[in-house]
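Written out below as structure tokens is the structure these notes cover.
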Amino acid sequence: MRKWALRILFFMLFMLMSYSVLQMPGDIGLDSPAYNEATHHYIEESLGETGAINIIASILTDYRAFDTLGETIVLFTSIIAVISILRPSAKPEEEEAPTDG
Amino acid sequence: MIEFLQMLYDYVNYLGAVALFIIGLHTVVTHSNLIKRIMGINIMGTAVFYFFIAIGNVTGGLPPILTDTPGEYINPLPSVLILTGIVVVVSITVYSLSLVIRIYETYGTIDQDEIAKINERENADD
Amino acid sequence: MIEQLPILNLLVLLSTALVIPLFKKRTFNMTLWFGFFTLFFVFISSIVLTYHVYVHGAFYYHLGGHAPFLGIELLIDGFATFFTTFVLGLLILIYSYSAGDATEGISEKEYGRYYILLFILLFAMLGIIYTNDLFNIYVFMEILSITTCSIISIKRKKENYTSAFRYVMLNEVGSLSFLFGVALIYMITGFTNIGLVADALPDVWALYPANIILAVGFMVIGIGIKAAIFPFHVWLPDAHASAPSSSSAILSGIVIKVYALIFVKMLFRLYGVDLLTELNIPIILTVTASVGMVLGSMFAMAQKDIKRMLGYSSVAQMGYIVLGISLFSYLGLRAAFFHITSHALLKSALFLSVGAIIYKQKERRINHYDGIGKLMPLSMGVFTIAALGMIGIPITSGFISKYNLGLAALDANQTILIGVLVFSGLLNAMYYLPIIIQAFLKEPKTPVYMIKLEKIPLTMMLPIAILGLAILTLGIYPNLVMNLIDLAVESLGF
Amino acid sequence: MGIVNLIIVVLLIVCALAIEKMKDLLGAVIVFSIYSLLMSVLWLVLKTPDVALTEAAIGAGITSILFIAIIGRTERFEK
Amino acid sequence: MDDIIVKSITRIIIPFVQLYGIFIILHGHVSPGGGFSGGALFGTSLILYTLIFGVDKAQKKFSHRVSEIAESGGILIYLSIGVIGIFTAGYFLSNKAAGFPLGEAGSLLSGGMIPLLMIGVGIKVASTMVTLFHTLIMEERL
């Protein structure tokens, strides 16, 4: 029962979102609002400003390099987190039975 | 009718992204298996990224690597945001998978409902 | 040179986190002192920044020297500097406490990792407050969510794993919803810079309303989940209760406040009051906040575990903050900001003093706290001060924030909210007062083996005492921070 | 090009639904790997080779390997 | 796996995969790819090594200490290149303004700091992937 109610709910959410999507700018291409002066600047000036012919690389590690830094830190954090969970702890700790609070 | 179908066809990328987002959300919310929920998060993530890519698309455009070929380049910014996003979602996935291992070791199951039952039983014992 | 200070703060915190794993032998003391110096440096530099902004006004920092529509921009204004200074000051206290009590459930090998995570957490919080770019907010939010989850799960107990798992799932749904909102905004404006988007939105609102409505919905829900705003609070009590005490203080005192700050930033910087009023967001927020205030307190009353009770109390207190925000007025925002500071102090004081009690007595069930005030007068004394602040008794900072909230509600002609405030204060009293009475008036049940007065390391005692003093000081001289709060509110465009 | 796009989107939705329905987690992971590959092909069709490469390496490669590793250490079937 | 064919083929393949990964990292600014995909490929080759030859042998080649240094080191390279910008151009992570030579467009030595940052990211991603895999598949033992 609850399963079906949830399904209907999600379907309604889907219909709602589809309805909204159909009112969004659909003219994929040069007229779409996202293709604005910033995009033109990236395409036309990035070679002169960064020297890389791959525009994505030039944005990734020059214009928005701070995001990339943040992203490497996400990786760093995740590995610290995984190790802190999974790597066996010191020997005396291991012999203790897991205690409950 | 034809117009409506044509419209759906034009919006296929957006609609597909929305559908995948909803499917992913449904998987996260309704399933009690922890690994399934992590997969749901991944589906949701790719759906959002797909939406971004669809925004940047230009019909008949060129990939954003400067060449001598005449033509218009696609919008490069969404791709950049997505490159960051993919790695972020992978990190989250890995972290939650490591939690799953520990949960399996301590509870002997990876089913949310059973874990809740075990917890209840233990709290009742106190 | 002063312009470089914000980025320098971020870099210093980050390199501390990166250098700790490189020490060949990670002695605990060395890590601790190293971290302490870092924190102290960042704290001083952020005080300098606050002064600079107070005198010379806000400034922008363009990373890589690129124009804001191309690159990422940091905005350092009254809002950012006040809250970074506050967060850092509070964190120094909690840090010093954690030096004594990090042992709670964390094995010795993990100390180094705990502090790495702590510094990355701080880095993310500062970054998220400084930044003026939507996608950058998302990236920092993800760093924040992994670190907060892992400082819960670093304590190797099974309930920590499950609560961390639930937290990470909900957090990720929230982040992805936020990112979807960013995508919808980017689709119609083509920018991710908050200032430029805000300039473009009024024009776009006429053309593509569907985008904006969906984006507002997704972003409010996304950040609402992370800030534990009422209907999305399910993860909070478990997560905050199972974490080590110092982490609970950080999570409940600081992290959800930082999310509340992003919430404010998003509502007022990005969308603006006019657009949101047209979408009836203020009313929705007011209703959820009021319901959250009442229900959160009711849930708290039913708890037997003291840390879970404090967790539910945080849900109720987030209601106060959202209530202040939802009035969308100068006074309301001022009250909300004061409540953010005051509740951060109160909740940290509560969690730390409870942590000291747990450290000494190994007891978390409320009905076992008979006569504890006689055994541990200082911890329980600070607990009492903070609890009275939660209820809203005069001369504590809690009173000032409720008074300001009341004034703001009157100013907005919503007298019914005063009733809600008073009722919620009564509910608070109903679950905090019994603990105090029990602790001071009843006789201890098992006095034999711990009749000695509290013997707790000075590094743990001192922060608790300072927090207690700070609560009283703010209660008596609220103007100490009011000027800065005014500056912060003005920098949001009021 | 539009037709290819459409077909891939339909396949993606089918894969996502299959992932949701399957009780065998190992099977679900394999379908998930196919899903990621399809997604990367789709992004190649949409002219974003960088993202497609990353998705193929990270999404289809490493995520799937990790999922399989975890399923090997835990349970294979969903209840 | 004790199959001699699998082992020899893996021995032959792995250097090529690693070379390809390095190629992708270094050519990030002239062709699709870059630090993430290249690093992930490089990491995958080491994961392959682990799958075929076992964790113990792989850990000898890529010990905890190495991975710790590689992880912090990757980001520290990134940071230190960024900090150069503060001193020379007044902004963190400046490229052209900080005086990095841009080189001739399309050649390997172009793009100023971009390849350098990509190398940092690549080291980080590759070591992260391997360490994650090792940590996740390792049974708990002392």
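- Only the side chain of D:Thr63 comes within contact range of chain B, with at least one heavy atom under 4.5 Å from a heavy atom of that chain.
- No other option in B:Leu15, B:Ile65, B:Ile23 has as many heavy-atom pairs under 4.5 Å with chain D as B:Ile23.
- Contact count against chain D (heavy-atom pairs under 4.5 Å) is highest for B:Ile101 among B:Ile101, B:Asp113, B:Ile82.
- B:Lys36 places a side-chain N or O within 3.5 Å of a backbone atom of D:Met22 that can act as its donor or acceptor partner.
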*Determine, step by step, whether B:Tyr9 and D:Ile3 satisfy the side chain to side chain contact (heavy atoms under 4.5 Å, CB included) criterion, reporting the C-alpha distance in whole Å, the side-chain angles of both residues, the deciding distance to 0.1 Å, and the verdict.*
CA-CA 9 Å; B:Tyr9 181 73; D:Ile3 295 295; 3.9 Å; yes

*asked:* Checking D:Tyr35 against B:Thr46 for the side chain to side chain contact (heavy atoms under 4.5 Å, CB included) test, could you report, in this order, the C-alpha distance in whole Å, the side-chain angles of both residues, the deciding distance, and whether it holds?
replied: CA-CA 10 Å; D:Tyr35 171 90; B:Thr46 39; 2.9 Å; yes

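- Residue D:Val29 touches chain B through both its backbone and its side chain, counting heavy-atom pairs closer than 4.5 Å.
- Nearest heavy atom pair, residue D:Thr48 against residue B:Ser79, reads CG2-OG, 3.4 Å.
- Closest of all the heavy-atom pairs between D:Lys47 and B:Leu62 is CB-C, 4.4 Å.
- At a 4.5 Å heavy-atom cutoff, the contact between B:Ile43 and chain D is made by backbone and side-chain atoms alike.
- When all heavy atoms of B:Tyr50 and D:Asn5 are compared, the closest pair comes out as OH-OD1, 4.0 Å.
- Here D:Ala16 is the residue among D:Ala69, D:Gly59, D:Ala16, D:Cys15 with the most heavy-atom pairs under 4.5 Å with chain B.
- With a 4.5 Å cut-off on non-hydrogen atoms, B:Val12 touches chain D through its backbone and its side chain both.
- If you measure heavy-atom distances from B:Ser98 to chain D, you find no contacts under 4.5 Å at all.
- Of the listed residues D:Thr54, D:Leu25, D:Leu17, the one with more heavy-atom pairs under 4.5 angstrom with chain B than any other is D:Leu25.
- Side chains of B:Tyr104 and D:Arg73 form no contact here, defined as non-hydrogen atoms less than 4.5 Å apart.
- In this structure, D:Thr74 OG1 and B:Ile110 CD1 are separated by 4.0 Å, a value rounded to the nearest 0.5 Å.
- Between B:Asn42 atom CG and D:Met39 atom CE the span is 11.0 Å, to the nearest 0.5 Å.
- With rounding to the nearest 0.5 Å, the separation of CG in D:Leu66 from CG in B:Leu97 is 6.5 Å.
- Heavy atoms of B:Tyr73 lying under 4.5 Å from chain D are absent altogether.
- Both the backbone and the side chain of B:Thr27 have a heavy atom closer than 4.5 Å to some heavy atom of chain D.
- Contacts between D:Leu42 and chain B at a heavy-atom distance below 4.5 Å involve the side chain alone, from C-beta outward.
- Neither the backbone nor the side chain of B:Val89 comes within contact range of chain D, judged by heavy atoms closer than 4.5 Å.
- For chain D, the option among B:Pro78, B:Gly61, B:Ala17, B:Gly16 with the highest count of heavy-atom pairs below 4.5 Å is B:Gly61.
- Between D:Val51 and B:Leu83, the closest heavy-atom pair is CA-CD2, 4.1 Å.
- To the nearest 0.5 Å, atoms OG1 (B:Thr93) and CD1 (D:Ile62) are separated by 12.0 Å.
- Heavy-atom minimum distance, B:Ala19 versus D:Ile13: CB-CD1, 4.0 Å.
- For the atom pair CZ (D:Phe32) and CD1 (B:Ile35), the distance works out to 12.5 Å, reported to the nearest 0.5 Å.
- In terms of heavy-atom proximity, D:Leu46 sits nearest to B:Ile74 at O-CD1, 4.2 Å.
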